[in-house]
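Numbers for residues simply follow the sequence, beginning at 1.
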Amino acid sequence: MRQGVALPLHTLIWVFLTGSLYCQRPSVVNIGAIFTFNSVIGRVAKTAMEAAVSDVNADPRILNGTELRLHMEDANCSVFLGSVEVFQVLDKSIVAIVGPQSSSIAHMISEIANGLQVPLISYAATDPSLSALQFPFFLRTTQSDAYQMAAMADLIDFYGWKEVIAVYVDDDYGRNGVYTLGHELGKKMSRISYKLALPVQFNLSDITELLNKSKVLGPRVYVVHVDPDPRLRIFTVAKQLQMMTSSYVWLATDWLSTTVDSFSPTNRTSLTVLEGVVTLRQHIPQSNRKRAFISRWKKMQKEGLASSELNAYGLYAYDTVWAVAHSIENFINEYRNISFSFVDRLHDMKPSKIELGKLKVFDGGSLLRRKLLKTNMSGLTGQVQFNEDRNRVIGGYDVINIDQMTIRTVGFWTNYSGFSVSPPKTLKGRRSSYSPLDYKLDNVTWPGGNTERPRGWVIADNEKPLRIGVPNRASFVEFVTELNDSHTVQGYCIDVFTEARKLVPYDIPYRFEPFGDGLSNPSYDELVKMVAENVFDAAVGDIAIVKNRTLIVDFSQPYATTGLVIVAPIDNSKSNAWVFLKPFTWEMWCVTAAFFVMIAVVIWTLEHRVNKDFRGPPKRQLVTMFLFSFSTLFKKNQEDTVSPLGRMVMVVWLFLLMVITSSYTANLTSILTVQQLSSPITGIDSLIASNWPIGYQVGSFAYSYLTESLYIPRSRLVQLGSPEEYEKALRQGPYDGGVGAIIDELTYIELFLSRQTDFGIIGQTFTRSGWGFAFQRDSPLAIDMSTAILKLSESGELQKIHEKWFCKMGCPSEKNLESEPNQLKLISFWGLYLLCGVFTISALLIFLLRVVLQFVRYKKQQAVTPSTLSSSSSWSSRFSESIYNFVDFIDEKEEAIKRMFIHGGNPQGGARVLLVQIDSCPRVLFSYLGVTVTYINIVMVISFSFQL
């Protein structure tokens, strides 16, 4: 019975003792550190981490009596040794690894940390690729190079540089950093033109060889991304090679600021080689804790505990230890104990000198990692927090400039506010909208002591001038050609280039290299291709900007507008000051003028007896008669027709006038705007459908356009090499060994037609393009030359150059190359004139017949009244008197005649009294009419003489 009770009691005691042991806080927690002791960062980090461990253990508020032990191993700048040393550290049951400082070593150790589930917290490994999901146990308390390269790209863009040369160490840190820089520059429409890789263990010879090669390159902006180097070997060699002058720009990532911050005050003389260099430094806000630690560091230096000046990475190393300590404290408070277990696969391995079987997995590794990611503490470097990429929440960078051995801060950068001369107020916050126009930095002193922004590139120098290909034309030499194998080129295009070069704000040494044999025009596609293949640096000439060429080179702003046009034979008559007479033939003009006079006479005759507007003194009636006729062309006449016969004549006349004026207007418009062709070609469509041979200029892009875009068979295309061949082929025509039309660029055709009158442009320009200068892709000279060409255009200088070459005998574009349509002839309108004439004459005959009948009646009444004439008068005298009486009778008003017939006699006291009272107006008018009719007969005779 007692034994049965004793057994359970023994079991309870064992369980109680085991549970007490499990729940007890560990007395010691081990963490490891892998880094290179004897390095710029290592010397500072070692002292800082030791100070942090000491502070943690001395602070009763953290770890609550548990001692934090730091086990450090030297990687000796070697990935291999670092990988070996990590096993030495892991053998001490560590719960976290601080470091390494090298990104390459971090890549290797991260894989080991993943396998053993030990968090790896680095204060100096900045390679952006370490944030990949491949390394879940890697955390970073410093800034990733992803942010630093964004800052560097913004800096390059701020100063307007488009091409840079990257100098980097060829390891994970260097390659991935430069790759990220290229990506960021791409967002700014800039690029890394050349990448100069140095071996990991580079020496002065490697640097000298690399920089010497880069001197012949165009860009002069260097971005240096290497490990901290206290000897500053790259800049020392650059100074020896005369590469620290005013034409160069040197930018460096934060490795340089870390290096110079580590220099002792007595070692600042080495800064002379850094004159004008701009670099970045991780921004650490000022705080009381930071100032206190800096004072403490100086004291440690005096005591011999610190062998180097404090830099940013020493502060990050200090905060890293504290972040790990806080996470361990939270982990122990929640889980109470730290345990490890063997890896089955490693434990089952055969025994060897490398006892991998003793490696243990940290059971709480994933839990501690979570605690680390939740870190939110205030340290020497500011607020310590991690984002979703396990990187520290983004901070910022100081932009520093080294001037006369002085390190000056010229501004600050954050990813949410860009550049500013004021320190960022907070290192947290989302990216707000800002414009690069708001960026601002203090003045920078560049290499050579220059305070003006360097251009950042050199297109050529006197030792290596710009190689400019120039087409050696055999025809249309006014544009560009070589003078008699003298290597001297001239022409319109050369003058444009020379004047534009004067407006570029820097010197451009160059030499022209003729392309072509001068016997025939060269291929312009080949010339552009040679620019793309670096045979030429540029090409100057009458080079059309077309799609296939823009894919391989960059063009300047067009300095001449052109396009493909069709030229063919035309019936060309030149316009002159009397062009307004050309719509009608002389016969048409004479007949029209005669009808105006006829209408004037007939209307006056019909209206004189019944319309008071057509009565009065002789001069007035003459003016009224002709003014009435011609005023029908422009406006409603002031005099209204009263007689029915007059109105009938006006209706027919106005209809004729409407047709004549409309035809005149249409034909005059056609003369001024439309060419009359001597071939059925009216445009590109009719030319393609005609199946006639088509001429094109040798070397022009017209050939490829016609065959590849318009699908015209090559057999139809005839190459022509000169204006003389143009003329001969067009005169021969398509049926006599020539061509039906020629397709060429407008600028050539204008020059050709300035010397020809039998050919003209058909239709409109069916392609639009321009001439420009070709440069290699991304050449900054293309932008500067474009700006210069725009200045030439705005100042009028471009037009003056054009007039100098092409307006000696009149500008081709201003010459009227268009011909008039056929003149309108009388045969086209004789039916209308006949109709109008029949109506007019009929109205006049009816009127005369009526008047004659009235006069006969009047004479019969006069026969009853005794005659006042002497019976002895001769027959001729009586006849003349009758004629005068008839004229006077016609001139009498219609109302007076009617009253006379009603009263049966002369109401005025007799015909004789009436005749005496009437003035001599009708006689004078009929005299004028006789002269007018005689004039019309003379004009008609002259007209028919011209026709014969």
Pairwise side-chain contact, [X] with [Y], heavy-atom cut-off 4.5 Å (strictly under):
{"X": "Y222", "Y": "V249", "answer": "no"}
{"X": "H107", "Y": "N176", "answer": "yes"}
{"X": "V98", "Y": "S122", "answer": "no"}
{"X": "D363", "Y": "Q117", "answer": "no"}
{"X": "E275", "Y": "D403", "answer": "yes"}
{"X": "P424", "Y": "H283", "answer": "yes"}
{"X": "L63", "Y": "V56", "answer": "yes"}
{"X": "I41", "Y": "F35", "answer": "no"}

- request: Would you sort out whether V95 and N30 count as a side-chain contact (heavy atoms from CB on, under 4.5 Å), showing the intermediate values?
  value: CA-CA 6 Å; V95 297; N30 298 309; over 6 Å; no
Examine distances only and state if a side-chain atom of [X] and a backbone atom of [Y] form a donor-acceptor pair shorter than 3.5 Å.
{"X": "K46", "Y": "N38", "result": "no"}
{"X": "S39", "Y": "T36", "result": "yes"}
{"X": "D254", "Y": "S257", "result": "no"}
{"X": "K371", "Y": "L367", "result": "no"}
{"X": "R390", "Y": "A132", "result": "yes"}
{"X": "R281", "Y": "I400", "result": "no"}
{"X": "D157", "Y": "L185", "result": "no"}
{"X": "R369", "Y": "F138", "result": "no"}
{"X": "D319", "Y": "T381", "result": "yes"}
{"X": "D172", "Y": "S103", "result": "no"}

Evaluate N391 against S131 for side-chain hydrogen bond (donor to acceptor under 3.5 Å, both in side chains), listing each step before the verdict.
CA-CA 7 Å; N391 294 320; S131 300; 2.9 Å; yes
Result of checking [options] against [X] for side-chain contact (heavy atoms from CB on, under 4.5 Å):
{"X": "L251", "options": "T279, V399, V221", "answer": "V221"}
{"X": "L280", "options": "W255, W413, Y397", "answer": "Y397"}
{"X": "V89", "options": "V118, I31, I34", "answer": "I34"}

Could you tell me whether [X] atom [atom1] has more than 12 heavy atoms of other residues or ligands within 6.0 Å of it?
{"X": "K298", "atom1": "NZ", "answer": "no"}
{"X": "Q201", "atom1": "CD", "answer": "no"}
{"X": "R370", "atom1": "CZ", "answer": "no"}

When you look at T272 and M405, which way does the side-chain contact (heavy atoms from CB on, under 4.5 Å) test go after all the steps?
-> CA-CA 6 Å; T272 55; M405 294 190 297; 3.4 Å; yes
Fill in: Lys/Arg-Asp/Glu bridge criterion (N-O < 4.0 Å) met for R140, D145
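Salt bridge: no.
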Discussion item. Quick test of your reading of the model: are R61 and D59 salt-bridged, counting only N-O distances below 4.0 Å?
Written reply: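 Salt bridge between R61 and D59, a charged N being under 4.0 Å from a carboxylate O: yes.
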Quick one: do R231 and T236 satisfy side-chain contact (heavy atoms from CB on, under 4.5 Å)? Show the steps, please. CA-CA 8 Å; R231 296 164 58 190; T236 301; over 6 Å; no
Could you give the distance from [atom1] ([X]) to [atom2] ([Y]), rounded to the nearest 0.5 Å?
{"X": "S104", "Y": "D127", "atom1": "OG", "atom2": "CG", "result": "7.5 Å"}
{"X": "Q282", "Y": "R392", "atom1": "CD", "atom2": "CZ", "result": "8.5 Å"}
{"X": "N443", "Y": "N401", "atom1": "CG", "atom2": "CG", "result": "10.0 Å"}

Legend entry - Whether W250 and F235 hold their rings parallel, tilted or perpendicular, with breakpoints at 30° and 60°: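 Judged by the thresholds at 30° and 60°, the geometry between W250 and F235 is perpendicular.
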Worksheet entry | Geometric class of the Y179/H183 ring pair [parallel <30°, tilted 30-60°, perpendicular >60°] |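 H183 and Y179: parallel rings.
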Exercise for review: Just do the ring-ring contact (aromatic ring centres under 6.0 Å, His included) check on F412 and F419 with the steps written out, would you?
Suggested key: CA-CA 6 Å; F412 306 89; F419 288 110; over 10 Å; no
Begin from the C-alpha positions of T253 and M152 and carry the test side-chain contact (heavy atoms from CB on, under 4.5 Å) through to its verdict. CA-CA 8 Å; T253 53; M152 183 62 71; 4.2 Å; yes
field: Any side-chain donor near an acceptor of the partner, S417 and T414, under 3.5 Å
entry: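 Indeed, the side chains of S417 and T414 share at least one donor-acceptor pair under 3.5 Å.
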